[in-house]
Amino acid sequence: MVEDNQIEAKNSPFAIREGEIKVFDGKDGYVSMNQIVHKINIGHIGDLHFKILEIVNEFEFITSRQLCQILSWKGIDYKSQDKLNNKLEQLVKSKILTRYYFSSEEGKGIYRIYCLEKMGKYLLNSKEIECKWQPTDNTKPVAMIKKRLAGNQTILAYLRKVKAFDEYTVKPQITAKTLGKTFKATGGSVKLTKNNKSIIFLFEVIRREEEWEKKLVDKMNLYKDFYQNFLQGDSGFSAMPQLIFVCEDEKNMVESFKTIVTNGLEIPQIKLYFTTDLRQNNETLAKTLVEFRLDEVTNKYKVEEVELKLLD
């Protein structure tokens, strides 16, 4: 598998492309549970298949490359990406998983996205593994899926490259007290621990979807409520988490910050940090975060890279 820092890309694979649609690439027809049980009994579906199911269930949407990375991190031997793809193909043909790709006028996307099917949920339940999947989950729009994939990539970058990495949460739930609403950080969160001190990074993924500025404003109102009323223990956080925006590209960071500032949605309690999908491919994450600082002389904001030794 090609290492992250060897990937040469000008645009993120998880950026929004104009007119993009999600195309079904799974298995049509009917597969009975008896057929699947038979495959399990004769060893055609084994422990590795179930490990794959657990990971897909946890992340909801995932690429084969992301699966490889998390299996490696968990110390699970999948032999090679080709052999893993064969396992995925078996699960798709058995209608345990299903598969999609993205297509636009620019052509087909270069990767496939895997998610659960009904039979997958039944198998996980048989192992007493919690699975909240429902058929409507697979109807989610392109932008929502790409946010998940970009969030996956960010979490995987931290768990693979940051020594202080402790744990991750794919869908952290946060409560805006005053507004009385519960919401999720679209990119998940990671907990970093060093010298018995911990900090949590919340990742909010921004995509240039339809009306994305309005959606960002709505989400920032929730975050602002959460931070302004934060008390130790709120939403399960022992201390105030750090918010990081994961943008499509460098220009999108500027666009996002401008949207926040022009709508008066800065959060005085914390600094707002920004990053991009492609910055997660760096060999080290120590210089992947960006902050917009106000120059008191020119009264204009300037972009400054934030170097955090904690991310070495």
Side-chain angles (χ1 to χ4, degrees), residues 1-7 9 13-14 25-27 31 35-102 109-131 133 137-138 145-146 148-163 165-171 188 190 277 280-281 283 285:
M1 185 169 60
V2 177
E3 292 298 322
D4 288 356
N5 60 357
Q6 295 175 323
I7 295 174
F14 309 129
D25 189 39
K27 164 81 174 175
V31 177
Q35 290 172 297
I36 294 172
V37 170
H38 177 68
K39 288 182 180 181
I40 294 172
N41 288 338
I42 63 176
H44 287 181
I45 295 176
D47 290 342
L48 181 54
H49 292 89
F50 276 95
K51 290 294 183 185
I52 292 169
L53 279 184
E54 289 181 46
I55 294 169
V56 174
N57 176 44
E58 183 180 21
F59 285 88
E60 188 177 12
F61 297 99
I62 199 166
T63 67
S64 63
R65 177 181 171 79
Q66 291 173 347
L67 264 170
C68 285
Q69 291 177 333
I70 199 160
L71 285 168
S72 295
W73 177 71
K74 287 176 177 284
I76 299 170
D77 184 14
Y78 57 89
K79 305 299 183 185
S80 69
Q81 187 160 358
D82 285 341
K83 289 189 180 296
L84 177 63
N85 287 338
N86 289 336
K87 301 284 190 218
L88 289 167
E89 185 67 29
Q90 291 171 338
L91 290 169
V92 169
K93 285 182 176 179
S94 298
K95 297 205 71 173
I96 296 169
L97 292 180
T98 195
R99 182 172 56 201
Y100 296 90
Y101 65 85
F102 299 124
I110 60 174
Y111 56 89
R112 298 293 185 269
I113 310 103
Y114 295 88
C115 50
L116 283 178
E117 273 273 32
K118 182 169 61 177
M119 293 299 187
K121 179 174 184 175
Y122 291 161
L123 289 178
L124 288 170
N125 287 344
S126 75
K127 297 274 188 178
E128 296 186 346
I129 296 169
E130 184 181 20
C131 178
W133 177 91
D137 290 348
N138 292 0
I145 297 172
K146 287 202 165 184
R148 176 72 274 137
L149 297 176
N152 293 351
Q153 179 184 254
T154 305
I155 289 172
L156 288 167
Y158 276 75
L159 69 82
R160 292 170 61 238
K161 301 174 185 179
V162 179
K163 290 181 181 178
F165 175 83
D166 190 343
E167 62 184 25
Y168 67 83
T169 304
V170 178
K171 298 178 180 179
V190 296
D277 295 351
Q280 309 316 306
N281 292 338
E283 192 170 348
L285 302 185

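Values below: every heavy atom of this structure, side chains too, minus hydrogens, waters and symmetry copies.
Formation of a donor-acceptor pair under 3.5 Å by the Asp166 side chain with backbone atoms of Val190 is not found in this model. Side-chain atoms of Lys121 come within 3.5 Å of backbone atoms of Trp133 as a donor-acceptor pair (strictly under, hydrogens ignored). Not a single donor-acceptor pair under 3.5 Å links the side chain of Asn152 to the backbone N or O of Thr63. In terms of modelled atom types and a separation under 3.5 Å, the side chain of Tyr111 and the main chain of Pro13 share a donor-acceptor contact.
The two residues Ile45 and Ser94 make their nearest non-hydrogen contact at CD1-OG, 4.3 Å. Here the closest heavy-atom approach between residue Ala150 and residue Asp277 is recorded as CB-OD1, 3.7 Å. Closest approach of Thr98 to Gly26, counting heavy atoms only: OG1-CA, 3.8 Å. Residue Arg148 comes nearest to Val170 through the heavy atom pair NH1-O, 3.4 Å, listed as atom of the first residue, atom of the second, then distance.
In this structure, Gln280 and Leu285 have side chains that are in contact, with non-hydrogen atoms separated by less than 4.5 Å. Looking only at side-chain heavy atoms (C-beta outward), Arg112 and Leu88 stay at 4.5 Å or farther from each other. Side-chain contact between Phe50 and Ile129: absent, with no pair of heavy atoms (C-beta onward) separated by less than 4.5 Å. The side-chain heavy atoms of Phe14 and Gln153, taken from C-beta on, include a pair separated by under 4.5 Å. For the pair Tyr168/Glu58, a side-chain contact is recorded, criterion being any heavy-atom separation below 4.5 Å from C-beta on. Residues Lys51 and Tyr78 are not in side-chain contact: their nearest non-hydrogen atoms beyond the backbone lie 4.5 Å or more apart. Taking 4.5 Å as the limit, every side-chain heavy atom of Lys93 sits out of range of all side-chain heavy atoms of Gln90. Residues Tyr114 and Ile55 are not in side-chain contact: their nearest non-hydrogen atoms beyond the backbone lie 4.5 Å or more apart.
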Test side chain to side chain contact (heavy atoms under 4.5 Å, CB included) on Lys79 and Leu84; report intermediate values, then the result. CA-CA 7 Å; Lys79 305 299 183 185; Leu84 177 63; over 6 Å; no
Taking it one step at a time, do Trp73 and Ile70 satisfy side chain to side chain contact (heavy atoms under 4.5 Å, CB included)? CA-CA 5 Å; Trp73 177 71; Ile70 199 160; 4.2 Å; yes
Start with the C-alpha distance between Ile145 and Tyr100, add both sets of side-chain angles, then the distance that settles side chain to side chain contact (heavy atoms under 4.5 Å, CB included), and finish with yes or no. CA-CA 11 Å; Ile145 297 172; Tyr100 296 90; over 6 Å; no
Should His44 and His38 be marked as a side chain to side chain contact (heavy atoms under 4.5 Å, CB included) after you check the CA-CA gap, both sets of side-chain angles, and the distance that decides it? CA-CA 9 Å; His44 287 181; His38 177 68; over 6 Å; no
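By the 4.0 Å N-to-carboxylate-O rule, Lys171 lies close enough to Glu60 to be salt-bridged with it.
With rounding to the nearest 0.5 angstrom, the CD1 atom of Ile110 is 9.5 Å from the CZ atom of Arg65. Considering OG of Ser126 and CD1 of Ile40, their distance stands at 6.5 Å, rounded to 0.5 Å. Atoms CD1 and CG, on Ile113 and Asp25 in that order, are 9.0 Å from each other to the nearest 0.5 Å. Expressed to the nearest 0.5 Å, how far CD1 of Ile76 lies from SG of Cys68 amounts to 12.0 Å. The CG atom of Leu159 sits 9.5 Å away from atom NZ of Lys74, with the distance rounded to the nearest 0.5 Å. The SG atom of Cys115 lies 11.5 Å from the CG atom of Asn57; values are rounded to the nearest 0.5 Å.
The local environment of CG in Asn41 is crowded, with over 12 non-hydrogen atoms from other residues, nucleotides or ligands closer than 6.0 Å.
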